[in-house]
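Note sheet for the following structure.
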Amino acid sequence: MKNSNHIVEVKLLEDGIVCAEWPRHMHVSKPEMEDETTQRQALTDKPHALLVKLHGITHITEEAWDIISGDDFHSITTALAILFDKESGYYEHGKLMVDLKFFSGKTVDYPVKYFDDETSAIKWLRSFKELNCE
């Protein structure tokens, strides 16, 4: 059940993997990114892999990208799987928005991969969880 105080639904999928699910056709901005990060930190105090479910995004602000590429986000993120929902609309637009941000010169220090199915995304994230346990 979604907490009405949060726009982004964040939950622990399993030890070492957190999921952040964004609403349909979202405009990703600083307040939502801060909320997602705060919720993740409240769930676990350890670095973790992150599955982000996007149901079509219309825009990502520079302030939101500053958080994604910032030190705090890096310190808690071991890998990022982005799951795009083909059925939600803004599918290609959302991928383009994310690509533009990832290739705009601001880099991230964790692996990032796009997925169209959740099973493959979680399997990929588990490989990073296992590496962190060794």
Side-chain angles (χ1 to χ4, degrees):
M1 185 168 112
K2 185 176 177 194
N3 183 336
S4 62
N5 295 325
H6 301 287
I7 292 174
V8 181
E9 182 180 353
V10 178
K11 62 185 176 185
L12 187 64
L13 287 182
E14 59 187 62
D15 186 41
I17 301 177
V18 171
C19 176
E21 186 161 3
W22 288 74
R24 287 176 68 92
H25 307 162
M26 192 65 201
H27 177 92
V28 180
S29 63
K30 182 179 178 179
E32 291 84 15
M33 283 307 308
E34 289 174 334
D35 181 49
E36 179 197 277
T37 304
T38 300
Q39 288 185 70
R40 289 172 56 199
Q41 291 170 321
L43 286 174
T44 179
D45 60 353
K46 296 183 237 174
H48 51 271
L50 177 62
L51 172 63
V52 174
K53 294 181 178 181
L54 296 178
H55 300 284
I57 57 173
T58 59
H59 186 68
I60 304 172
T61 67
E62 283 301 315
E63 294 81 13
W65 187 252
D66 288 342
I67 293 170
I68 295 166
S69 61
D71 292 339
D72 288 342
F73 204 88
H74 285 196
S75 70
I76 62 172
T77 308
T78 58
L80 173 60
I82 301 174
L83 180 62
F84 289 99
D85 178 359
K86 288 182 179 182
E87 305 303 318
S88 66
Y90 286 95
Y91 172 71
E92 291 298 332
H93 181 81
K95 285 179 124 175
L96 179 63
M97 289 283 91
V98 173
D99 278 345
L100 285 173
K101 294 300 179 184
F102 273 115
F103 297 113
S104 67
K106 294 182 180 180
T107 60
V108 295
D109 292 335
Y110 44 84
V112 178
K113 189 169 180 180
Y114 300 161
F115 292 89
D116 292 329
D117 76 279
E118 188 170 344
T119 302
S120 297
I122 292 172
K123 182 178 179 182
W124 183 75
L125 289 172
R126 283 182 181 142
S127 71
F128 293 95
K129 185 172 93 169
E130 291 164 7
L131 290 174
N132 289 334
C133 294
E134 294 176 355

How close do [X] and [Y] get, heavy atom to heavy atom, and via which atoms?
| X | Y | value |
| --- | --- | --- |
| V28 | W22 | CG1-CH2, 3.8 Å |
| A20 | V10 | CB-CG2, 4.1 Å |
| P111 | F128 | CG-CE2, 3.3 Å |
| I68 | F73 | O-CD2, 3.4 Å |
| D35 | H6 | OD1-ND1, 2.7 Å |
| E32 | V8 | O-CG2, 4.2 Å |

Could you measure the distance from the [atom1] atom of [X] to the [atom2] atom of [Y]? Nearest 0.5 Å is fine.
| X | Y | atom1 | atom2 | result |
| --- | --- | --- | --- | --- |
| D72 | D66 | CG | CG | 12.0 Å |
| H48 | T78 | NE2 | OG1 | 7.5 Å |
| L50 | I82 | CG | CD1 | 8.5 Å |

With sequence neighbours excluded, tell me which residues meet salt bridge (charged side-chain N to carboxylate O under 4.0 Å, His left out) with E118. K53

Qualifying residues under side-chain contact (heavy atoms from CB on, under 4.5 Å), relative to [X], sequence neighbours excluded:
| X | result |
| --- | --- |
| A81 | L51, F115, A121, W124, L125 |
| T38 | none |
| D109 | H74 |
| P31 | S29 |

Worked check of side-chain contact (heavy atoms from CB on, under 4.5 Å) between I67 and E36: CA-CA 10 Å; I67 293 170; E36 179 197 277; over 6 Å; no

Intermediate values then yes/no, side-chain contact (heavy atoms from CB on, under 4.5 Å), L54 and M26: CA-CA 8 Å; L54 296 178; M26 192 65 201; over 6 Å; no

Could you list the residues that satisfy side chain to side chain donor-acceptor pair (under 3.5 Å) with T37, not counting sequence neighbours? none

Please test E21 against H55 for side-chain hydrogen bond (donor to acceptor under 3.5 Å, both in side chains), starting from the C-alpha separation and ending with a verdict. CA-CA 8 Å; E21 186 161 3; H55 300 284; 2.7 Å; yes

